[in-house]
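First comes the structure, then the notes that go with it.
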Amino acid sequence: MNTVYLDNAATTQLRPEVVAEITRVLSEDFGNPSSTHSFGRHAKGVIETARKSIAAHLGCSAQEIVFTSGATEANNWIIKSAISDFKVERIITTKIEHHAVLETVEHLGHEFSIDVQFLNIARNGEVDLAQLEALLSENVPTLVSLMHVNNEVGSMLDLVKVGNLCRQYNAHFHSDTVQSIGKTEFNLKELPIDFAVASAHKFHGPKGVGFAYIRKGLVVNPIMFGGEQEKGIRPGTEGVHNIAGMAKALDLSYSNLSDERQYITGLKQYAVEALRKTFGDIKVNGSAENGFYNILNVCLPMDEQKSLMILFNLDMKGIALSRGSACQSGSAKPSHVLAEMLGEDDIRKPSLRISFSHYNTTQDIDTLVAALQTI
Ligand code: PLP
């Protein structure tokens with residue numbers, strides 16, 4: 001059976017060059033980077049070269065990049081640190097964050113009796129920045145945690161606007177940048193952001209590795225203990241091959257960015273047109289005009305009964321996509337993101353998240369549309 005993979009917001013296929021780099025490091029640089037002999041020094045060199053390369057692509061300094069097991073860990077760490085190291089008394093966020101932020105904020109907010117405020121979300125996924133400013137003007141020590149690109153609908157946050165507001169009112173600003181790092185340009189030195197996070201498997205790199213960007217001058221403490229790795233703030237023997245693979249993946253993402261972005265933008269337009277031609281009245285969830293270029297979330301004019309079985313039926317035909325984030329796509333519960341944005345009627349209709357990469361073709365979209373017609 002031919003398969004079609006249209007779930008690139010959940011994870012992405014590794015580039016062959018990344019697989020080659022990981023394999024090379026696994027066989028050639030097996031030393032423990034904490035060892036002082038030549039094998040260890042060599043492995044340490046691989047890590048530091050990767051750190052410099054990542055920092056150069058993002059316009060920050062190498063010491064501002066701390067390697068982690070991925071973005072869930074990095075988000076948890078930063079939010080916890082804001083409470084215990086920066087003594088914030090309030091967290092301002094939204095209900096459309098990824099669970100890696102939302103559940104962490106809810107859990108820690110409860111544990112440490114921190115005030116948690118959720119900003120209003122418009123139907124197009126936009127965050128209410130007037131409400132943000134009104135809250136910030138109350139001058140409570142605050143962490144603002146707002147994602148850059150929403151992983152379910154692709155709505156985008158204006159990082160400069162939010163960051164400037166945070167600076168104006170002395171709030172710390174954390175952004176979950178998982179869906180945008182590697183897919184759009186960053187200059188972290190210029191951007192008014194204190195903390196950002198990334199996960200390699202979202203940009204054609206390996207799973208189980210990512211990093212936190214922590215602006216120079218912000219001193220965070222570890223949440224785990226037992227080693228001096230990453231200057232003692234993130235102990236544990238480094239996955240050298242994964243870190244090297246992540247740096248290679250980010251390097252290739254940025255080298256190919258303008259061509260691949262243009263290609264993927266074209267695919268998304270093709271998909272919208274093909275779905276409109278076939279189903280007529282489709283609704284783009286989030287912003288039809290300003291959604292991020294690789295994520296398309298559509299509400300199909302189909303019977304509510306089909307909602308539950310649609311992914312299963314597509315999967316039977318070898319087509320992979322999802323309703324929301326991967327961790328809830330098998331669930332019958334409506335997506336927590338769509339629940340914030342859609343009315344009662346639309347929330348029950350089948351909505352699909354179609355997310356693209358440069359590996360997709362218009363043929364993939366034709367196959368999806370033909371399969372949807374049979375459901
Ligand atoms: N934040 C967002 C926006 C995501 O899409 C994901 C992945 O699904 C995560 C965080 C979690 O990242 P990781 O898989 O590295 O833990």
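The figures that follow rest on heavy atoms only: side chains count, while hydrogens, waters and symmetry mates do not. As the structure lists them, so they are numbered: ligands from 1, and atoms in each ligand from 1.
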### Query
Does the side chain to side chain contact (heavy atoms under 4.5 Å, CB included) test come out yes or no for Ile295 and Arg353, once each step is laid out?
CA-CA 7 Å; Ile295 298 177; Arg353 177 185 71 178; 4.2 Å; yes
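- Those atoms of ligand 1 that come under 4.0 Å of a heavy atom in Gly70, given as number and element, are 15 (O).
- Between Tyr263 and His358, the ring center distance fails the sub-6.0 Å criterion.
- For Phe292 and His148, the gap between ring centers reaches or exceeds 6.0 Å.
- Residue Gln179 approaches ligand 1 through these ligand atoms, each under 4.0 Å from one of its heavy atoms: 5 (O).
- Taking any N or O of Ala71, backbone or side chain, at least one lies under 3.5 Å from an N or O belonging to ligand 1.
- Which parts of ligand 1 touch Lys202 is read off a 4.0 Å heavy-atom cut-off, strictly below it: atoms 5 (O), 6 (C), 7 (C), 8 (O).
- Under 4.0 angstrom from ligand 1, the non-hydrogen atoms of His201 all belong to its side chain.
- Residue Asp85 holds its CG atom at 4.0 Å from CG of Asn221, rounded to the nearest 0.5 Å.
- Distances from ligand 1 to the non-hydrogen atoms of His99 include no value under 4.0 Å.
- Both the backbone and the side chain of Thr72 come within 4.0 Å of ligand 1, judged by heavy-atom distances.
- Close N/O approach between Ser199 and ligand 1 is found [any backbone or side-chain N/O within under 3.5 Å].
- Using a 30° and 60° split on the angle between ring planes, Tyr254 and His57 fall in the parallel class, below 30°.
- The closest heavy-atom contact to atom 4 (C) of ligand 1, among the options Glu97, Glu73, His98, comes from His98.
- Residue Val219 belongs to no hydrophobic cluster, having no ILVMFWY side-chain heavy atom closer than 4.5 Å to its own.
- Taking the six-membered ring where the residue is Trp, Phe195 and Phe86 present tilted rings, their angle falling between 30° and 60°.
- The Met147 neighbourhood of ligand 1 comprises atoms 3 (C), with distances under 4.0 Å to a heavy atom of that residue.
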